[in-house]
Amino acid sequence: MDKTEIKERIERLRAEIEYHNYRYYVLDDPVISDSEYDRLMRELESLETEHPEFLSPNSPTQRVGAKPLEEFSTVTHTIPMLSLANAMSAQEVVDFDKRVKKLLGVSQIDYVIEVKIDGLAVELVYINGEFTLGSTRGDGFTGEDITQNLKTIRSIPMRLLETDKVPIPERLEVRGEIYMGRKEFEELNRKREVTGEPVFANPRNAASGSVRQLDSRITASRKLNIFCYAMGQITGVEIATHIEFLEYLRKWGFRVNPYTRLCHSLEEIFEHYNYIKSIRDEIPYEIDGTVIKVNRLDYQAMLGQVSRSPRWAIAYKFESHEEETVIKDIIVGVGRTGALTPVAVLEPVNIGGVVVERATLHNEDEIKRKDIMIGDHVIVTRAGDVIPEVVRVLNEKRTGSEMPFVMPDTCPVCGEHVVRPEGEAIRRCVNINCPAQIKGRIIHFASKRAMDIDGLGEKLVDQLVDRGIVSQVSDLYYLTKEQLAGLERMADKSAQNIIDAIENSKRRPFNRFIYALGIRHVGEHISGLLAEHYKDIESLMEAKEDELMNIPEIGPEVANSIVLFFQDEKNRKTMEKMIDAGVEIEYVREGDRPLEGTVFVFTGALKTMTRDDAKKMVESLGAKTSNSVGKKVNFVVAGEEAGSKLDKARQMGIKIIDEDEFLQIIRGRRP
Ligand code: IVH
């Protein structure tokens, strides 16, 4: 080969290798094998070594990292790199949209919605299609020259892809986010742990630490990636919209995020936002929200910016589950088992749309472990329905005026002494008649997943217990409307509703009844096991420890707790009183659908329940209900003054049953 042929071969190889980088790192769709790729690389390397006059800084061989720098030089951005204003709620997005339309004097706007990647912003400059400069955002006006480091990221093109459909601009400034995927982040931290190096707190810190290395060989060893999403200066190409710009980026060979959507209305924006939120955990890199951008570039120019954020874009973030606040005080709550729980009283703080004023501190050992003091600045989390929790103290914010917390030796509610058994983290009030314990037991009994007594909340229970009207759960079934109506803020109607709710709770599945009793160590799961194993409450009450321990998953502690509970004369009395009051346990387990495939029709008034309740009951057992008598109906339940449906059922020969027979069916004893 002569010189020109060698030069041509080198350039061909470079273009080919870059194309395969693009297939592999941008499209995730390689067209050649690793060994073929290696062969091309080796050929290029040897040609470049033999002919150093053809070396080029943008050769794919230069991506492995170069000589370490002394320091980064500064880069002034042609157009400042702005930051985004945040919308924390849907309302703030609605306000943004209104503002945009008002400023432009138009009634419809197209927006592009993208994911907000949690990494660091960089700018890439291409001159006549060649990558010439890469920089960090810095303070927005000037950043650092990290060209060497960015070259190690294979998804950043060294040269723009040339296709006949897109022109190559003279100057192109592209902005994007450098990030590290979750898996890559974990892998890096695992390695660092092994070598004793400090681990990174999150993928963003890892990405930022990796990109700001003076030794680009270190950057090369970290698995970084990029998504491009914004423009700086572009000369020589006419582009009208943001979505069109993203399309250009794709064609030039940049990585553009796939979760991008052009929306014609706010509804579409919210729909896509919710979609992204729903798949957030499946996305292999961290995102902290979305970015909404006005699509038309002329509109963007008209809207301009305020301070350092554009008026044409907004970050619509996901709710944060963590916020900073201050612990004003630490108080102690007493639960239904007498457990004393320290609770942080917080400076109210909005966490993801809910104002949080309390957070559990669990127990004194936890307070010690996390080194929590009254007056501390702390990070609090809230996840779904879970009780808010203090994650950590911001030590750097301590002033010296914080006060240590000491657990009390007596019950803060009844004054009785408390004990902390050996090996346990929890102190307990020994007084089982402690009002806090009584209230706790009743609230648990009435709770949704137990007896589900609607309306019997904390405030009402407080009053009932404090006035001595109720002291054990069975008392609920002897309450009168008059007693309730005498309480604070209790209208006649509400009193009746509560009486009805209590009445309705008289029939509950066996497992829920067991759970409602609040036996220590017997939660929903163990209750289910017991209900499966014992045919009725009487046999459970007589169960011996060794027999209980034969049930898989039930150990000595649980067995002992169950036996002790039913041995207690007071508990036996309470059960008796409930049964006397008409509490009937359903011996069909929840989730069973013994009536699957049957259809019921109700006609006339029932004596012991409303028709709606009766319908719900059979439906919960898997049956269907219908309002009219037809061929598919299996049972017609006839109450008092049943009308034409009864006649029709007779004519069609459908089985007619009365209320008692109906009750037998739902109790699992078919007539
Ligand atoms: S657009 C003027 N789009 O968020 C608008 N930024 O607070 C320039 N970011 O500094 C940014 N994903 O680091 C834009 N799809 C996206 C983004 C995004 C992440 C980051 C970027 C920027 C910051 C703005």
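Keep in mind it's a predicted model, so treat the numbers as computed, not measured. One-based numbering, in listed order, for ligands and for the atoms of each.
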Problem - Distance filter under 4.0 Å to Glu177 heavy atoms, resulting ligand 1 atoms - result: 9 (N), 13 (O), 19 (C), 20 (C), 21 (C)
Exercise for the section: Give the atoms of ligand 1, by number and element, whose distance to some non-hydrogen atom of Glu114 is under 4.0 Å. Expected result: 3 (N), 15 (N), 16 (C)
Exercise for the section: May I ask you to check if ligand 1 and Ile117 share an N or O to N or O distance below 3.5 Å? Expected result: yes
Practice task
Measure the distances from the heavy atoms of Asn257 to every atom of ligand 1 and state whether one is below 4.0 angstrom.
Solution key: no
Practice task
Just say parallel, tilted or perpendicular for the rings of Tyr273 and Tyr316, cut-offs at 30° and 60°.
Solution key: parallel
Handout entry: Whether over 12 other heavy atoms sit under 6.0 Å from Lys183 NZ
Key = no
Problem - Under-4.0 Å heavy-atom contact with ligand 1, by part of Val291 that carries it - result: side chain
Practice task
Using distance alone, decide if ligand 1 has a nitrogen or oxygen within less than 3.5 Å of any nitrogen or oxygen in Leu120.
Solution key: no
Handout entry: For ligand 1, the portion of Lys116 having any non-hydrogen atom under 4.0 Å away
Key = both
Handout entry: Asp118 contact mode with ligand 1 (heavy-atom cut-off under 4.0 Å)
Key = neither
Practice task
Please verify whether a non-hydrogen atom of Pro310 lies at under 4.0 Å from ligand 1.
Solution key: yes
Problem - For atom 8 (C) of ligand 1, the protein heavy atom that lies nearest, with its residue and separation - result: Leu82 O, 4.2 Å
Problem - Atom CD of Glu238 with >12 non-hydrogen neighbours under 6.0 angstrom - result: no
Problem - Over 12 non-hydrogen atoms of neighbours within 6.0 angstrom of NZ in Lys370 - result: yes
Completion exercise
Contact region, Lys293 to ligand 1, non-hydrogen atoms below 4.0 Å, reads side chain
Exercise for the section: Can you pull out the closest protein heavy atom to atom 17 (C) of ligand 1? Residue, atom name and distance to 0.1 Å, please. Expected result: Tyr229 CE2, 3.6 Å
Exercise for the section: Report yes if Leu84 has an N/O atom closer than 3.5 Å to an N/O atom of ligand 1; otherwise report no. Expected result: yes
Exercise for the section: Could you tell me whether a side-chain N or O of Gln305 sits under 3.5 Å from a main-chain N or O of Ser307, the two making a donor and an acceptor? Expected result: yes
Problem - Whether Phe254 and Trp252 hold their rings parallel, tilted or perpendicular, with breakpoints at 30° and 60° - result: perpendicular
Problem - Carboxylate-amine/guanidinium proximity below 4.0 Å for Lys317 and Glu92 - result: no
Practice task
Answer with yes or no after comparing the ring centroid distance for Tyr285 and Phe227 against a 6.0 Å cut-off, counting only values under it.
Solution key: yes
Practice task
Spell out, as yes or no, whether a donor-acceptor pair under 3.5 Å connects the side chain of Glu402 to the backbone of Asp376.
Solution key: no
